[in-house]
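Here is how names work: the chains are called A, B, and so on, in the same order as the sequence lines, proteins then strands, and each is numbered from 1. Quick caveat: nothing in here was measured; it's all calculated off a predicted structure.
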Amino acid sequence: MTSLLDNLNPEQLAAVTLPPQPALILAGAGSGKTRVLTTRIAWLISTGQTTPHGLLAVTFTNKAAKEMLARLSAMLPINTRGMWIGTFHGLCNRLLRAHYRDAGLPETFQILDSADQLAAIKRLLKALNVDDEKYPPRDLQHFINGNKEAGVRADAADAWDDWTRKKVALYAEYERQCQKEGVVDFAELLLRAYELLTRNEPLRAHYQSRFRHILVDEFQDTNRLQYLWLKLLAGHGGPAPAAVFAVGDDDQSIYAFRGADVGNMRDFEREFAVKSVIRLEQNYRSHGNILDAANAIIANNSRRLGKNLWTEAGAGEPIRLYEALTDMDEARWIVEEIQSLIRDGAARSDIALLYRSNAQSRVLEHQLFSTGIPYRVYGGLRFFERQEIKHALAYLRLIANADDDTAFARVVNFPTRGIGARSLELLADSARTYNTSLYATVPHLAGRPAASLAVFVRLIEDMRQATRDLPLPEVIDHVLEHSGLRAHYRAEREGEERLANLDELLNAGANFISEAEDPTLTGFLAHASLEAGEHQADAGQEAIQLMTVHAAKGLEFDAVFLTGVEEGLFPHENSIQETDGLEEERRLMYVAVTRARKRLYLTLAQSRMLHGQTRYSLKSRFIDEIPPQLIKWLTPRQAAQRYYEPSLEAAHRTPPRASASVARDTGGFRIGQLVRHAKFGEGVIVSAEGSGGDAKLQINFGGSHGMKWLMLGMAKLEAV
DNA sequence: GCTTTTTGACTTTTT
DNA sequence: GTCAAAAAGC
């Protein structure tokens, strides 16, 4: 079994073979993190320190969990089925299914994904006649999830003013509604599981004595509740705590905006009195220049746990930087460069185009498309999020759990069966008075609308009867046919693809029963909520890979083009106001840079179309944080050719507009021009108002000063 | 009850 | 500039 440990570097080896005690592995980008984690599990099992049954490993994504299982199967001749390796949500779901009674849930409780949750909240606000201007559903969703992820129930939530008190009250109402319907949202899965173990002593003792080893991937991304859950399960503070092996990288924490708390790493170290902190700093991915740039950028962050990546590979090529005039020019240049890379033998799938925000992909796609280069964009709708699939699932959910109002509301009139807003309002009102679900309220109703609703209820009842003893794929098939979904999409002009997706749902069902541990309809529905389909890239597609920097985390490419490296975009202007927002942006930059193996391009545009209007920006401060000797400028340094408006071409085509007259009246200054101010330094003129002596110029000074309005008559500006 | 028009938002989003 | 959701119109 020593072969398991072959080819590990000293730090990796030390991590893998640590004695059973709390351990924190600071695994830098490309340092073999997954390898250490899986080898650790294999080592623990093969040396008899634990059994596959006695350990729990938790990840954030299904992809990571699957990969861990696959690698483990390849290392050890064991059946990984039944092992507690999965996502936080997947494991909590398993726990709650096994102990649904103790958790106070119906056997077939359903899981609301984010969209379902939002729909449920909207329905609640409507039922309670709450002004959704004052209490936007999205904000409320965020408020509820934020509290749940901090482990706070409505009855314990802080309320310091009327507005917040109202939100807490709505949170409480939402809890009641979910309980009534037998549904749980994502955060609830974790909170319920946590409360179950807190309150149920025998159950807690059982799992604590079972899982002697707990391994956590991407620990920097855990939220407060997940940390509490781990602490509880590990029996922290008890007589025989489990050995928690946490792997993470504080420098790659890019999900604080979703509640991830890097502070958990420090707390873990302190509260668990971690003696073994091991740093994996040798990088097996990138050439030296790329790592030097990444190290230099991240060094600007404070409160780091500290880490410096190094490599045995040479310095490699310089980082290439291209400054285009417009976003179109940027895209054009990138595509030309890609063509030349491909000519030199690069595989398309080894080239990635990364951007900070999704909106940036348009221009890039357009250019790739018109040049005829195959590309793939990641991050769109996932399979189980498609409308036709959600509709089909809603019928299935009603069969499994008729009280699921979200599912009811979704399909009660789809395909249309003459049940309109008015009937539904009536139904919702009586549901409130009887305190029953929409479905259960239908028999209480009288009058004309009741008839068509009764027909719908009858339809669901019939489907439930007819599918009672059928295997899952046939259940799905029956529902697709009898719900009228197939007929509806057959009649639709562009329903072809949707029909194909519905057929794909049959395949998904067939695959599910052949692989899953819980091959029931309820199991399938949970699977559909928890695993909406891959969002992340699959290797092997012969196409250029386009995605956000967030989506690129964990991936690597020979050549990476990081586009739109501009102040306001990256770092994003919205994040600069937030506490620690800039540091998170910097970590994001660090993630982006470390995706590249051999070649890294940074590109920016002096002007770009954003939200339907042209914006002018300066290069990102992050570019200035890279040592200049690592960078090769592919455009003349220092903006020798600043863009100005209107462009030369445009001037020929269109008569001078307002901006041109401003340009005339403002002492020769033009929009897009680079200027210097005695106090604020260099900036670009973004827009102008007024004329002559009263003219005001809006100037983006980037960096520390940002956007400023200056009176032309007062401010001493000089052209650069 | 369904279709068309209008309004408004617009950073990232593992489950 | 684009998309979806809300409001108005048929």
Study note, to complete from the structure: The first and last nucleotides of DNA chain C lying within contact of chain A, meaning any atom under 4.0 Å from one of its heavy atoms, run from C/dG1 to C/dT2
Point to revise | A/Phe60 ring over B/dT15 six-membered base ring, under 5.5 Å and 30° | key: no
Exercise for review: For DNA chain B, produce a single dot-bracket line, 5' to 3'. Pairs: Watson-Crick or G-U wobble, both distances under 3.5 Å. Symbols: ( ) within strand, [ ] crossing, | other strand, . unpaired.
Suggested key: ||||||||||.....
**Study point:** Short side-chain N/O contact from A/Thr87 to OP1 or OP2 of B/dT14, under 4.0 Å
**Key:** no
Point to revise | Contact list for DNA chain B against residues 405-420 of chain A - heavy-atom distance below 4.0 Å | key: A/Asn413, A/Thr416, A/Gly418, A/Ile419, A/Gly420
Check your understanding: Regarding A/Gln141 and A/Gln117, is there a side-chain donor-to-acceptor distance under 3.5 Å anywhere?
Key -> yes
Review point. Can a donor-acceptor pair be found between the side chains of A/Asp185 and A/Tyr174 at a distance below 3.5 Å?
Key: yes
**Study point:** A/His572 ring over B/dT11 six-membered base ring, under 5.5 Å and 30°
**Key:** yes
For residues 410-419 of chain A, dump all side-chain donor-acceptor pairs below 3.5 Å to protein atoms at least two apart in sequence or in another chain.
{"from": "A/Asn413", "atom 1": "OD1", "to": "A/Arg417", "atom 2": "N", "distance (Å)": "2.7"}
{"from": "A/Asn413", "atom 1": "OD1", "to": "A/Gly418", "atom 2": "N", "distance (Å)": "3.4"}
{"from": "A/Asn413", "atom 1": "OD1", "to": "A/Ile419", "atom 2": "N", "distance (Å)": "3.2"}
{"from": "A/Asn413", "atom 1": "ND2", "to": "A/Ile419", "atom 2": "O", "distance (Å)": "2.9"}
{"from": "A/Arg417", "atom 1": "NH1", "to": "A/Tyr395", "atom 2": "OH", "distance (Å)": "3.2"}
{"from": "A/Arg417", "atom 1": "NH1", "to": "A/Val411", "atom 2": "O", "distance (Å)": "2.9"}
{"from": "A/Arg417", "atom 1": "NH1", "to": "A/Val412", "atom 2": "O", "distance (Å)": "3.0"}
{"from": "A/Arg417", "atom 1": "NH2", "to": "A/Tyr395", "atom 2": "OH", "distance (Å)": "3.0"}
{"from": "A/Arg417", "atom 1": "NH2", "to": "A/Ser483", "atom 2": "O", "distance (Å)": "3.3"}

Point to revise | Proximity to the side chain of A/Ser575 - top-ranked nucleotide from B/dT13, B/dT11, B/dG1 | key: B/dT11
Counting only pairs under 3.5 Å, give me each side-chain donor-acceptor contact of residues 520-527 of chain A, with atom names and distances, residues two or more places apart or in other chains.
{"from": "A/Thr520", "atom 1": "OG1", "to": "A/Asp518", "atom 2": "OD1", "distance (Å)": "3.1"}
{"from": "A/Thr520", "atom 1": "OG1", "to": "A/Gly523", "atom 2": "N", "distance (Å)": "3.0"}

Point to revise | Pairing residues for A/Asp250 by the salt bridge (charged side-chain N to carboxylate O under 4.0 Å, His left out) criterion, not counting sequence neighbours | key: none
